[in-house]
There are 2 protein chains.
Amino acid sequence: MKMTIKEIAKLAGVSQATVSKIINNYDDVGAKTKKRVLQIMDEYGYRPSYSAQSLAKKITKVIGVIYAGKINANFNHPFFVEVVSSFKKTMGSEGYDLLFFSNEKFHKSDENYLARCQHYNVDGCIIIGGEEVEPSIYDLDKSEIPCVGVDIELSGKKSAYIMTDNPQISALAVEHFYLLGQRDIAFIGGKEESVISKQRYQGFIDEMKTYGLKVNPEWIVYGDFFEDSGYEKMEELLQRPSIPKAIFAASDLMAMGAIRAVKESGRKIDDFSFIGCDDIVASKHIDPPLTTVKQDKEKIGKMAAYILNDMIKEKIDQTSIKIDPELIVRASCGANKAG
Amino acid sequence: MKMTIKEIAKLAGVSQATVSKIINNYDDVGAKTKKRVLQIMDEYGYRPSYSAQSLAKKITKVIGVIYAGKINANFNHPFFVEVVSSFKKTMGSEGYDLLFFSNEKFHKSDENYLARCQHYNVDGCIIIGGEEVEPSIYDLDKSEIPCVGVDIELSGKKSAYIMTDNPQISALAVEHFYLLGQRDIAFIGGKEESVISKQRYQGFIDEMKTYGLKVNPEWIVYGDFFEDSGYEKMEELLQRPSIPKAIFAASDLMAMGAIRAVKESGRKIDDFSFIGCDDIVASKHIDPPLTTVKQDKEKIGKMAAYILNDMIKEKIDQTSIKIDPELIVRASCGANKAG
DNA sequence: TAAGTCTACGAAAACGGTTTCGTAAAAAGT
DNA sequence: ACTTTTTACGAAACCGTTTTCGTAGACTTA
């Protein structure tokens with residue numbers, strides 16, 4: 001049965017206060033008493049109640065995990081899975097558990113994320129961006145709760161954010177295409193409303209300009225980072241009066257979709273060049289192996305954890321960090337294809 | 001600033017009790033009073049404290065998510081990501097949030113999962129198997145906390161579990177190979193200690209027997225469900241005095257690794273046939289497109305949620321469910337390759 | 001109009017801990 | 001041997017809710 005601190009105290013013949021002190025490692029409790037109480041706690045499998053504890057202390061040791069989008073889609077996007085996995089690992093070693101908010105609730109009530117965080121009294125939270133952001137996120141951002149954003153720009157004084165250098169991502173892709181002789185370059189962005197899409201678009205435009213390449217507005221399209229959208233958008237591209245030969249997709253998944261589209265259209269895949277973004281596990285296995293701009297997901301997750309920790313401990317505030325991307329060359333735009 | 005129920009009560013000129021009743025939709029509170037209090041709560045952005053609430057009621061509306069393995073690896077395995085994603089969605093619509101336990105804590109203390117669940121007083125939990133299971137899981141299993149297992153057999157009276165019909169998975173694979181004329185079939189299992197590996201192995205053996213095929217013990221190897229292990233195990237297989245021509249891998253990721261291994265060995269990929277398991281997103285894109293035994297991840301997650309819900313509401317107990325697998329034929333064992 | 005029902009609300013006891021502060025006894029200092 | 005310090009512990013207030021039960025007054029009913 002479920003023991004309470006009171007019962008343990010009685011069994012041990014001490015006061016609640018003493019038991020509590022033992023739980024919390026106070027040093028004003030005698031060695032033999034401590035041993036005896038510990039032994040009793042163990043024997044009865046006593047565990048302090050989290051609710052009671054976090055009510056009394058004002059600390060929860062829980063971090064809220066929030067997918068900023070309206071549809072929670074990114075929960076299973078490989079990029080975010082890896083980022084969150086890394087984040088979880090390092091937060092875990094700091095003693096935090098992760099609370100994933102379901103945004104299905106929004107359909108039934110007027111609750112918002114700030115309310116949820118306050119309700120649970122989380123010590124801090126991580127906000128996953130990459131989509132059009134649910135407006136209530138910004139209330140959270142402005143609040144007193146430490147927040148770290150990934151792929152979303154936060155500006156509150158208890159907020160920080162981290163993302164790969166997005167313009168740089170596009171620059172790397174465009175440069176690679178350029179050096180390979182490609183001139184007809186298309187851009188398949190992610191969710192158009194997201195910051196990262198805008199930044200990647202801007203980086204794309206700028207780098208094209210740098211190389212004196214002209215960007216064809218008909219070749220700028222937007223998906224949602226997932227495979228299906230890459231397929232659809234590539235289909236559209238293939239309908240254009242003039243068809244691009246080099247495709248930069250803002251995610252590997254979309255690049256995979258795009259490749260599938262040209263294959264299914266019956267065209268020769270070798271007539272096209274593809275560069276993706278993320279470098280997910282599958283990218284090296286697909287046909288053709290995908291050249292991509294790698295994001296350091298492990299590092300992003302780890303850094304996010306460090307930042308959040310420091311913010312919770314009030315050691316820092318309001319930072320923003322950019323991580324360098326890296327071009328991974330595989331076979332999806334073999335040099336021989338250009339011209 | 002953070003309001004409490006007491007302050008709201010004072011502002012509204014009513015008692016705490018009345019405010020509480022409004023929060024909890026009691027019907028013994030007057031309409032005008034209710035309106036007034038509601039308006040004040042809204043104005044001050046009042047949110048009841050989760051800790052206080054769950055201390056007073058005995059309900060948390062939180063589900064614990066536990067990866068049974070010692071290393072938490074499955075957190076980012078595509079199969080489990082999709083299962084959990086589906087689970088999350090349907091639990092979310094029932095008003096539950098998900099608490100992911102970090103098992104890093106184990107390195108620092110003697111805490112176990114039951115303790116954690118009791119500590120947080122979760123309403124129920126989902127346990128993700130597929131690995132060698134951390135022993136304390138079974139204490140949880142035997143406890144009063146409703147548990148649903150995925151790919152792990154639970155036996156407590158408040159426990160249930162769900163998994164794909166594993167022997168059937170192997171049977172489908174072996175049959176397909178057989179009908180294609182393959183006779184030299186190897187088996188790359190997942191974590192050898194896991195139930196699902198054992199069941200798939202058994203299914204493999206049995207079906208081989210059914211077709212009068214002899215199983216070569218040298219061709220039975222075990223990885224860990226991830227890509228690297230598939231690569232390594234295939235490398236080993238390629239060292240054998242006699243080399244198998246058909247490989248059934250217990251996960252698509254391992255199949256991908258195996259394919260990579262034969263490619264890198266310089267052998268012709270078309271001389272080998274591969275069947276994977278799971279049907280993850282990438283499988284259709286790889287080279288060659290992977291024939292695989294699909295697991296219905298969406299359904300597994302959803303069913304797990306339904307079961308858990310029913311158990312929490314004490315409508316059922318101790319069920320176990322098997323989901324049918326489905327063979328998805330692609331190009332990785334083209335009929336022309338057999339012989 | 002007296003008695004019985006409702007309605008709307010509040011007092012107060014939980015829920016299971018933490019933490020401040022006070023103090024008796026033991027140890028140390030002189 | 002007497003004061004001072006330290007050690008080990010407990011009383012009690014508090015954290016923010018929920019929930020039972022009691023009751024004053026308004027409303028019905030006969």
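Throughout, a chain's letter reflects where its sequence line sits, starting with A, and its residues are numbered from 1.
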Check the distance between [N]'s [atom2] and [X]'s [atom1] and give it to me in whole angstrom.
| X | N | atom1 | atom2 | result |
| --- | --- | --- | --- | --- |
| B:Gln16 | C:dA8 | CD | P | 21 Å |
| A:Tyr120 | D:dT17 | OH | P | 15 Å |
| A:His119 | D:dT17 | NE2 | P | 10 Å |
| A:Asn121 | D:dC15 | CG | C1' | 11 Å |
| B:Met3 | D:dC15 | CE | C1' | 16 Å |
| A:Lys58 | C:dT20 | NZ | P | 13 Å |
| B:Lys10 | C:dG10 | NZ | P | 13 Å |
| A:Glu7 | C:dC15 | CD | C1' | 13 Å |

Is any side-chain heavy atom of B:Glu134 closer than 4.5 Å to one of B:Ile137?
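Answer yes - side chains close enough.
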
Can we call the ring centroids of A:Phe101 and A:Tyr67 under 6.0 Å apart?
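So the answer is no for these two rings.
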
Measure centre to centre between the rings of B:Phe100 and A:Phe100, then say whether the value is under 6.0 Å.
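B:Phe100 vs A:Phe100: aromatic centres under 6.0 Å.
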
Run through B:Ser49, B:Ser51, B:Ser54 and flag the one making a side-chain hydrogen bond (donor to acceptor under 3.5 Å, both in side chains) with A:Ser51.
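So, applying the side-chain hydrogen bond (donor to acceptor under 3.5 Å, both in side chains) to A:Ser51 and each of B:Ser49, B:Ser51, B:Ser54, only B:Ser54 qualifies.
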
Just by distance, no angles: are the side chains of B:Asn121 and B:Thr60 close enough, under 3.5 Å, to form a donor-acceptor pair?
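No, no side-chain donor-acceptor contact under 3.5 Å.
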
Kindly point out which of C:dG10, C:dG16, D:dT17 is positioned nearest to the side chain of A:Leu55?
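Nearest nucleotide to the side chain: C:dG16.
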
Choose from C:dG10, D:dC9, D:dT17 the nucleotide whose nearest atom is closest to any side-chain atom of A:Thr18.
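Closest of the options to the side chain of A:Thr18: D:dC9.
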
In residues 20-30 of chain A, which residues come under 4.0 Å of DNA chain D by heavy atom?
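DNA chain D contact set from residues 20-30 of chain A: A:Lys21, A:Asp28, A:Val29, A:Gly30.
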
Using heavy-atom distances to pick each residue's nearest nucleotide on DNA chain C, tell me which of B:Ala56 and B:Val14 is more 5'.
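This one resolves to B:Val14.
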
Determine the contact category for B:Thr33: base if any of its heavy atoms lies under 4.0 Å from a base atom, sugar-phosphate if only primed atoms, P, OP1 or OP2 are that close, otherwise nothing.
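B:Thr33: backbone/sugar contact only, no base atoms under 4.0 Å.
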
Is it true that B:Asp27 and B:Lys21 make a salt bridge, defined as a side-chain N closer than 4.0 Å to a carboxylate O?
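Salt bridge: no.
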
Geometric cation-pi criterion A:Lys88 and B:Phe75, 6.0 Å radius, 45° cone:
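Cation-pi check for A:Lys88 and B:Phe75: passes.
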
With no hydrogens and no angle check, is any side-chain donor or acceptor of A:Asp141 less than 3.5 Å from a backbone partner on A:Gly156?
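Yes: the side chain of A:Asp141 pairs with the backbone of A:Gly156.
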
For A:Glu94 against A:Lys61, the heavy-atom pair lying closest together
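Closest pair (atom of A:Glu94, atom of A:Lys61, distance): O-NZ, 3.5 Å.
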
Hey, is the side chain of [X] poking within less than 4.0 Å of OP1 or OP2 on [N], counting only N and O atoms?
| X | N | result |
| --- | --- | --- |
| B:Tyr46 | D:dT17 | yes |
| B:Gln53 | D:dT18 | yes |
| B:Ser15 | C:dG10 | yes |
| B:Lys34 | C:dC9 | no |

Hey, what are the protein-to-nucleotides 23-26 of chain C N/O distances that come in under 3.5 Å?
none

Is it true that, when you exclude B:Lys322 itself, more than 12 heavy atoms of the residues, nucleotides or ligands shown sit nearer than 6.0 Å to its NZ?
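Enclosed.
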
